[in-house]
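Right, one structure below, let's go through it.
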Amino acid sequence: MVSIRIFTLGLIIVSLAALIPSSSSETDAVKLSLVGFMKKLVGPDFPTLNNNISGWDMATDPCRNQWHGVRCDTSGSIVGIFLSGFRFSGALDTELLCSVGSLFLLKLQNNTIRGPIPEEIVRCGNLAILDLSDNRFVGSIPNEMGSLTNLTTLDLSGNRLSGPIPETLGDLTSLLILDLQNNQLSGSIPESITRPTYRASGQPLRFFRAENNRLTGPIPEFKFELLAKFNVSNNDLSGPIPNGAAATGFFGADCFMGNPGLCGEPLPYSCQQPPVQSRVPSGSPGRTELGLLMMMVSSILGVSLVSFSFRFVY
């Protein structure tokens, strides 16, 4: 585990190397859209919270004046927005946000953003990393999200999302990390996200978490030997646990507990015995691993490590 953390932290540095502050500027139209996006994101507390966030106004430039949480490349294009832990309580307006056509990284975790995830998220076609975790998003995961084919990381955990996991997520052929834990999702785990053809880029799905939902049906045949993290505990899944899960030796009973209808290894009873389980406490280990794995995806983005002094403020 220590080696994984060291490796992943190295990849974080590689990824951040692409987000070098630039002296170039964005257009007034993009600035106007971003100012509107921020006002809607912050919600009714905008005047108060905006005092803690530098920039984000028409009098300054997001790249040249280094707006808080904005990262630009050397050509002056916005490539990353990091706005975590600001208590934003508004809504996500992707129609305004996606006017930034160069955006490939969006992290809005640990706020209280409300409402649905807009279907218009598909307009952010260059997104590679999308983290909306630990907010108050409601409604279903948009089917249109399957059109964001550059996504390597999708974290929607810790919200109030309901409905099924879209089959269209199987179209995300570059996806490495998928975290859906701690929602109210129902229905089955779609086989589309486990097919060998799903790995068209040659990069294996490395992280799948969907514990603490309301999922039903059997566990599909994941490529368990390729997964670094897997957890589906505390759902209503049923049937035998796929042989590949136990064969790896990586995933213990805690990854499957809390599903009264599941049986077989690594659970302590066979499928010939009627399983009797109780739900295990939520918040099982693994969120730290996600934080460390989040940026390993930079290895497929073709980013080269450069030497520079980089001051990063969340």
> Does a side-chain N-to-carboxylate-O contact under 4.0 Å join Asp93 and Lys40?
Replying inline: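 Result for this pair is yes, salt bridge flagged.
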Of the non-hydrogen atoms in [X] and [Y], which two are nearest, and what is the gap between them?
X      : Y      : result
Ser99  : Ser33  : OG-CB, 3.1 Å
Ile78  : Ser102 : O-OG, 2.5 Å
Pro118 : Pro142 : O-CG, 4.1 Å
Ile113 : Leu41  : CD1-CD1, 3.5 Å
Leu215 : Ala210 : CD1-CB, 3.8 Å
Ala246 : Pro266 : CB-N, 4.4 Å

If you draw a 6.0 Å radius around [atom1] in [X], do more than 12 non-hydrogen atoms from other residues or ligands fall strictly inside?
X      : atom1 : value
Glu120 : CD    : yes
Glu265 : CD    : no
Glu119 : CD    : no

Donor-acceptor under 3.5 Å ([X] side chain, [Y] main chain):
X      : Y      : answer
Thr27  : Val30  : yes
Asp57  : Ala59  : yes
Asn213 : Glu211 : yes
Asp73  : Ser75  : yes
Asn235 : Leu237 : no
Asn65  : Pro62  : no
Asn183 : Leu161 : yes
Asn126 : Phe104 : no
Ser188 : Pro190 : no
Thr153 : Ile177 : no

Side chains of [X] and [Y] only: does a donor on one sit below 3.5 Å from an acceptor on the other?
X      : Y      : value
Gln109 : Ser84  : yes
Asn135 : Asn159 : no
Thr60  : Trp67  : yes
Glu167 : Ser192 : yes

> Run the side chain to side chain contact (heavy atoms under 4.5 Å, CB included) check on Ile121 and Met145 step by step: do they pass?
Replying inline: CA-CA 7 Å; Ile121 190 72; Met145 197 165 281; 4.2 Å; yes
Is [Y] close to [X] at the side-chain level, that is, under 4.5 Å between some pair of heavy atoms?
X      : Y      : result
Trp56  : Val70  : yes
Ile189 : Val232 : yes
Ile193 : Leu178 : yes
Val79  : Leu103 : no
Ile241 : Phe224 : no
Leu205 : Leu226 : no
Leu132 : Phe137 : yes
Met38  : Val42  : yes

> Is there a ring-ring contact (aromatic ring centres under 6.0 Å, His included) between Phe208 and Phe222 once you walk through the steps?
Replying inline: CA-CA 10 Å; Phe208 179 78; Phe222 281 85; 5.0 Å; yes
> Of Leu176, Asp179, Leu175, which meets side-chain contact (heavy atoms from CB on, under 4.5 Å) against Phe207?
Replying inline: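 Of all the options given, the one that passes is Asp179.
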>> side chain to side chain contact (heavy atoms under 4.5 Å, CB included), that's the test. Do Leu127 and Leu151 meet it? Break it down for me.
In response: CA-CA 6 Å; Leu127 273 180; Leu151 274 183; 4.2 Å; yes
Roughly how far apart are [X] [atom1] and [Y] [atom2], rounded to 0.5 Å?
X      : Y      : atom1 : atom2 : answer
Phe37  : Leu97  : CZ    : CG    : 4.5 Å
Cys255 : Leu267 : SG    : CG    : 10.0 Å
Ser238 : Leu262 : OG    : CG    : 7.0 Å
Lys223 : Thr194 : NZ    : OG1   : 9.5 Å
Ile117 : Leu130 : CD1   : CG    : 7.5 Å
Leu185 : Ser162 : CG    : OG    : 7.5 Å

>> Leu156 vs Ile141, test: side chain to side chain contact (heavy atoms under 4.5 Å, CB included). Steps then yes/no.
In response: CA-CA 9 Å; Leu156 305 178; Ile141 301 173; 3.9 Å; yes
>> What verdict does the side-chain hydrogen bond (donor to acceptor under 3.5 Å, both in side chains) test give for Asn234 and Asn212, after you've listed the backbone C-alpha separation in whole Å, the side-chain angles of each residue and the deciding distance to 0.1 Å?
In response: CA-CA 5 Å; Asn234 289 338; Asn212 302 317; 2.8 Å; yes
>> Would Lys229 and Leu227 count as a side chain to side chain contact (heavy atoms under 4.5 Å, CB included) here? Give the steps.
In response: CA-CA 5 Å; Lys229 192 69 182 179; Leu227 286 166; over 6 Å; no
>> Starting from Leu154, can I reach Val138 by hopping between I/L/V/M/F/W/Y residues whose side chains sit under 4.5 Å apart?
In response: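 No: no chain of side-chain contacts under 4.5 Å links Val138 to Leu154.
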>> Between Val122 and Ile129, is there shared hydrophobic-cluster membership here, with clusters defined by ILVMFWY side-chain heavy atoms closer than 4.5 Å?
In response: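 Different clusters: Val122 never reaches Ile129 through Ile, Leu, Val, Met, Phe, Trp or Tyr contacts under 4.5 Å.
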